[in-house]
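Down below is the structure, laid out as structure tokens.
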Amino acid sequence: MRRSALIAIALAGSMGLLLAARGERTQPAATTQPKPVKTVESQLDEVGRIASALVDGELASDIVTDRAAKLMFRKDPNDPYAGPDNYDVNFEPFMQTKKLLIRLEGLVDFPVNCNLWMRCKGQPDLVHIVIRQNPGWSQFYTWGMQASEPTPEMTRVLEKGERVFVRAKPPRDHVVVLAPIRDSLGDVVGFVEVVTRQRALEAAGR
Amino acid sequence: MFALPFSAKSGSAGQPAGSASPRRLALWGVQGALLGAFGALHLLLAAEAGAWQLQALPEFYRPDPFGGLVAVDQVPGKPVPDLLAGPDGTVTLTSPRNAYVSCHLVVSDPAGGRFEVAVDAAPGVEVDLFREWFHRNSEDGKYYPDALVPIGKGEVLVLPDPEMKIEGQKAVAIWIDVWISGKATPGSSQLRLELSTGGAPVVLPIKLHILDAVLPDEDAITADHNCYGVGWVSVFFPERAKSVTSEGRNFTGSNEFFKAIHEAHRFYYEHRGSFHQLGTSHTGSVSSHFAPELTGAGRTKRVKSWEVFDRHFGPLLDGSAMAGTRRAPRPIDSVYLTITPDWPASYLWWGQRGYETEFVRVVSQMEQHFRQKGWTHTDFEMFFNHKKRYRSFCWDGDETRFEKDNMFFREFGRLLHKAVPPDSPVRFVFRHDASWLMWNQFHELAGLVDFWVCGSGIFAFYPEAPALLKARGDKVWIYGSAASAFETTASILELPLKTWMFGIDGYILWLVTNPGSDPWFGFEGGKTCMMFPGEPFGVDGPIPSLRLKIQRNFLQDLALLDVVAARKGEDGKQLVRTKVASLAGGLKPADWWNPDAPVKKLPPYEWSNSMLREAAKEPVHQRQKLDGRWWLAVREYALKAVQEVSQ
């Protein structure tokens with residue numbers, strides 16, 4: 001890997017670290033009193049609130065390359081995989097945002113994924129997942145999905161700019177907060193899906 | 001002596017009134033001998049057994065349940081090859097030692113009934129019998145045999161088969177595997193097949209012509225079989241899982257679970273193949289069954305426990321899992337490591353000191369552990385399976401399409417070199433599965449990636465590639481899907497033959513553990529499976545497909561051809577390849593390449609799948625004219641040639 005690229009990516013990561021640290025400083029100072037136990041919902045909501053504050057929607061809009069955005073919707077009956085085959089991203093906005101999302105996941109004491117969803121370039125009535133975190137939890141993503149129409153919960157986030165809490169119906173066990181992200185014009189261009197799973201909560205003693 | 005059952009009882013239940021006349025066992029279809037694996041198989045036969053009939057068929061010509069042949073195995077206008085009839089009606093099978101020879105037997109009777117078969121063989125010769133399961137293809141409504149259900153000693157079979165539930169079934173098909181050990185005495189031997197239908201037994205003698213030549217244990221090419229994760233274990237062993245769970249134990253952490261994995265490895269090894277299980281996901285997560293347990297972060301990151309890893313891989317890496325097979329036990333050839341962009345180092349630190357520290361510390365520990373254990377006969381693969389389309393990483397680890405992504409391979413290559421001492425006896429390799437961008441990557445990643453697994457269609461664009469890659473010691477495979485059971489048997493040979501014609505090291509079938517939701521009555525052809533669950537038939541392990549058997553016999557043929565080539569001097573391989581191609585109606589080895597594909601004029605990121613399909617048309621069509629008859633001719637050539645070079 002070229003050193004200049006490594007440095008750029010490292011700087012991007014450091015920026016995320018600083019921002020995330022700033023977010024952490026908004027927590028109440030520790031006292032000798034026992035901490036009130038926060039609910040999972042409130043903790044997810046807090047991560048969502050911080051995500052809305054820190055994730056740069058302008059930067060995130062640059063993740064998908066213009067070429068990929070254009071080819072994603074090309075219809076070719078002889079080549080149904082043309083969209084995924086041509087999917088491509090710009091490294092620096094991707095890495096900078098992904099590292100920030102990883103840091104956001106560390107704000108709670110149980111496992112969560114912070115996935116980034118964006119409106120599709122050129123087709124803002126559709127959304128797609130742009131950064132999927134490890135181990136791949138999502139209430140909405142299905143394997144191989146390229147783009148989809150927003151669910152009612154997603155529409156609420158995108159249109160009203162509100163955080164939305166979603167609990168999946170069994171047998172699914174996802175517990176989710178969707179948090180809007182905005183660009184420099186103040187428009188909601190996507191959202192972060194803060195998601196955990198009931199089985200992971202139980203394993204973590206929650 | 002070894003005996004196995006196979007029989008038919010005349011006068012048994014299900015037999016109509018009026019069938020009391022003496023039954024006559026007769027060979028139909030082709031008169032005389034048949035061409036079986038490794039040579040001329042001369043058929044024979046005759047005995048009194050009423051209306052029961054017995055037909056022997058070369059392995060490439062599959063029977064159907066109505067007494068006919070699978071249509072796609074035949075070339076229109078060409079009959080099944082004439083079988084060399086022995087004057088005494090004896091079937092003759094010819095084979096080197098340390099090898100299998102096989103054929104189909106079709107037992108039929110208009111009225112049906114129960115029957116058994118028993119086989120006696122000389123020392124050093126063992127016989128396995130399998131009932132061929134007929135799967136219905138919903139698209140054409142026809143039946144194709146594929147799953148092979150072992151026939152137990154003394155087992156009574158019934159025609160029509162009550163399990164298959166085929167209306168109007170007139171025939172039961174049996175796959176015969178004859179194993180001739182390396183210690184068998186060369187010369188003529190005899191197999192005695194005894195068919196019982198309730199009356200006087202009917203005896204079918206088969207003459208075995210055992211050659212001096214011993215088939216090498218080493219294969220000409222590697223036939224690898226891939227799968228993902230461990231989900232398949234519960235699909236193949238539901239009863240075993242239930243039994244463990246009923247004891248209050250967790251199946252996926254149990255010894256029974258790892259035993260099942262070892263059985264799958266042994267199963268493919270017995271069929272001259274290998275088995276690969278990927279323990280990582282597209283998001284970078286790793287399965288706890290495949291990875292050592294880690295602890296710490298940054299400069300304190302390290303392996304905490306090898307316990308699960310050693311239970312899983314220890315018997316595979318020291319070869320003890322292969323004990324009890326008919327091949328000499330040995331360690332597996334290669335294994336995926338669980339290195340991903342997010343393991344062992346956290347991707348949070350990518351491009352920073354912490355990433356290198358975490359990666360090098362843990363991979364160095366792996367090298368030390370493997371060295372201390374003496375696991376030095378297996379290739380440990382650093383392999384990335386993610387693609388950016390799955391949205392977890394910004395580069396394609398698998399089938400890279402964009403040149404800019406090469407920078408990540410360079411960095412991982414650097415890290416691997418830093419983690420593994422240059423004089424380590426442990427064989428770490430950097431594997432990349434390449435397609436669009438392979439030609440660029442062969443050059444750009446030279447000295448870093450040293451194991452290439454290439455899309456076979458695009459690889460055919462570059463006849464220069466094998467020499468380029470082999471000259472620097474790289475290992476080269478191609479990948480593809482298993483042939484469908486609904487296609488001609490000749491299609492089973494396509495990928496291994498291409499591998500051999502290309503002069504490279506092996507091929508991998510990308511998925512072999514998914515038989516579908518209902519392999520027995522809703523089979524989809526098996527392009528994602530080469531084995532079936534055995535539990536429905538009381539078999540505590542996987543059972544083979546007919547395609548796997550044909551593939552194994554073909555791999556034997558290739559090994560034999562390589563023996564012939566080695567005796568022909570420096571250009572031996574090319575001479576033998578030329579001979580094999582010429583037997584295919586005048587083809588040349590060059591016909592397996594496709595160097596003038598028009599798509600090559602465009603940069604790979606502009607290639608579409610329709611362009612690639614178009615590019616592949618011409619050479620594929622040439623080879624599609626081939627059928628089993630062609631390979632039987634090749635096999636005859638190989639058998640004859642190996643006898644000549646042995647003298």
Side-chain angles (χ1 to χ4, degrees), chain A residues 1-3 5-14 16-17 63-65 67-68 72 74 76-95 98-103 105-106 113 115-117 128-138 141 143-146, chain B residues 228 280-288 297 340-343 346-356 386-396 398-415 435-437 448 604-614:
Chain A
M1 173 180 259
R2 288 191 184 136
R3 182 161 288 277
L6 283 171
I7 291 169
I9 290 168
L11 283 174
S14 303
L17 173 62
I63 290 176
V64 179
T65 65
R67 180 179 182 276
M72 186 183 295
R74 186 171 69 179
D76 182 349
N78 295 316
D79 190 2
Y81 299 108
D85 284 350
N86 287 293
Y87 187 75
D88 192 17
V89 296
N90 293 306
F91 293 160
E92 291 187 20
F94 183 99
M95 290 296 290
K98 184 173 177 78
K99 287 193 171 197
L100 176 56
L101 293 170
I102 295 173
R103 290 190 176 284
E105 292 171 352
N113 273 181
N115 304 314
L116 177 68
W117 291 77
H128 64 155
I129 197 166
V130 172
I131 296 179
R132 227 176 121 217
Q133 297 288 65
N134 189 358
W137 295 337
S138 173
Y141 175 82
W143 190 80
M145 173 192 280
Q146 297 303 307
Chain B
Y228 300 87
T280 64
S281 77
H282 291 133
T283 62
S285 64
V286 302
S287 162
S288 59
T340 76
D342 206 21
W343 194 99
S346 168
Y347 209 51
L348 178 62
W349 306 118
W350 174 257
Q352 297 173 264
R353 288 179 303 161
Y355 195 90
E356 178 171 319
H386 64 272
K387 291 179 179 174
K388 56 183 86 174
R389 70 185 60 182
Y390 302 123
R391 315 299 169 92
S392 288
F393 300 103
C394 56
W395 54 289
D396 285 328
D398 180 38
E399 294 196 82
T400 315
R401 186 166 168 91
F402 301 98
E403 202 175 325
K404 64 180 182 178
D405 295 358
N406 284 340
M407 64 186 281
F408 290 88
F409 289 86
R410 290 193 196 96
E411 176 64 357
F412 275 106
R414 185 187 73 78
L415 292 172
S435 58
W436 294 289
L437 201 61
L448 295 171
Y605 62 82
E606 289 193 6
W607 296 354
S608 68
N609 288 303
S610 48
M611 288 176 195
L612 295 174
R613 273 195 302 276
E614 195 63 32

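With contacts defined as side-chain heavy-atom distances shorter than 4.5 Å, the pair A:D88/B:R401 does not qualify. Annotation: side chain of B:Y347 is not in contact with side chain of A:K99 (no heavy-atom distance under 4.5 Å). With contacts defined as side-chain heavy-atom distances shorter than 4.5 Å, the pair B:K388/A:F94 does not qualify. In this structure, the side chains of B:T283 and A:R132 come closer than 4.5 Å at one or more pairs of heavy atoms. Contact annotation: the side chain of A:Y87 never approaches that of B:Y390 to less than 4.5 Å [non-hydrogen atoms, C-beta and beyond]. No side-chain heavy atom of B:W350 sits less than 4.5 Å from a side-chain heavy atom of A:K98.
For the atom pair OG of B:S285 and CD of A:Q133, the computed distance is 12.0 Å after rounding to the nearest 0.5 Å. Once rounded to the nearest 0.5 Å, the distance linking CZ of A:F91 with NZ of B:K404 reads 5.0 Å. Atoms CZ and CZ, on B:F402 and A:R67 in that order, are 5.0 Å from each other to the nearest 0.5 Å. With rounding to the nearest 0.5 angstrom, the SG atom of B:C394 is 9.5 Å from the CD1 atom of A:I63. Residue A:N113 holds its CG atom at 8.5 Å from OG of B:S392, rounded to the nearest 0.5 Å.
The residue among A:A82, A:P84, A:G136 with the most heavy atom pairs within less than 4.5 Å of chain B is A:P84. Interface summary for chain A: among B:F393, B:W395, B:F409, the most heavy-atom pairs under 4.5 angstrom belong to B:F393. Considering only heavy-atom pairs separated by less than 4.5 Å from chain B, the leading option among A:V130, A:D76, A:N86, A:I131 is A:N86.
Using a 4.5 Å cut-off between heavy atoms, B:N406 makes no contact with chain A at all. A:I102 touches chain B through its side chain: at least one heavy atom from C-beta onward sits under 4.5 Å away, while N, CA, C and O do not. Only the side chain of B:W436 comes within less than 4.5 Å of a heavy atom in chain A; its backbone stays farther off. For A:T65, the part lying under 4.5 angstrom from a heavy atom of chain B is the side chain only. Contact of A:V89 with chain B is made through backbone and side chain together, with heavy-atom distances under 4.5 Å.
One N or O on the side chain of B:R613 and one on the backbone of A:N78 form a donor-acceptor pair closer than 3.5 Å.
Side chain to side chain, A:D85 and B:N609 meet the donor-acceptor criterion of an N or O pair below 3.5 Å. Checked by atom type, the side-chain pair A:N115/B:R391 shows no donor-acceptor distance below 3.5 Å.
In the displayed structure, B:R353 atom CZ is contacted under 6.0 Å by at most 12 heavy atoms of other residues, nucleotides or ligands.
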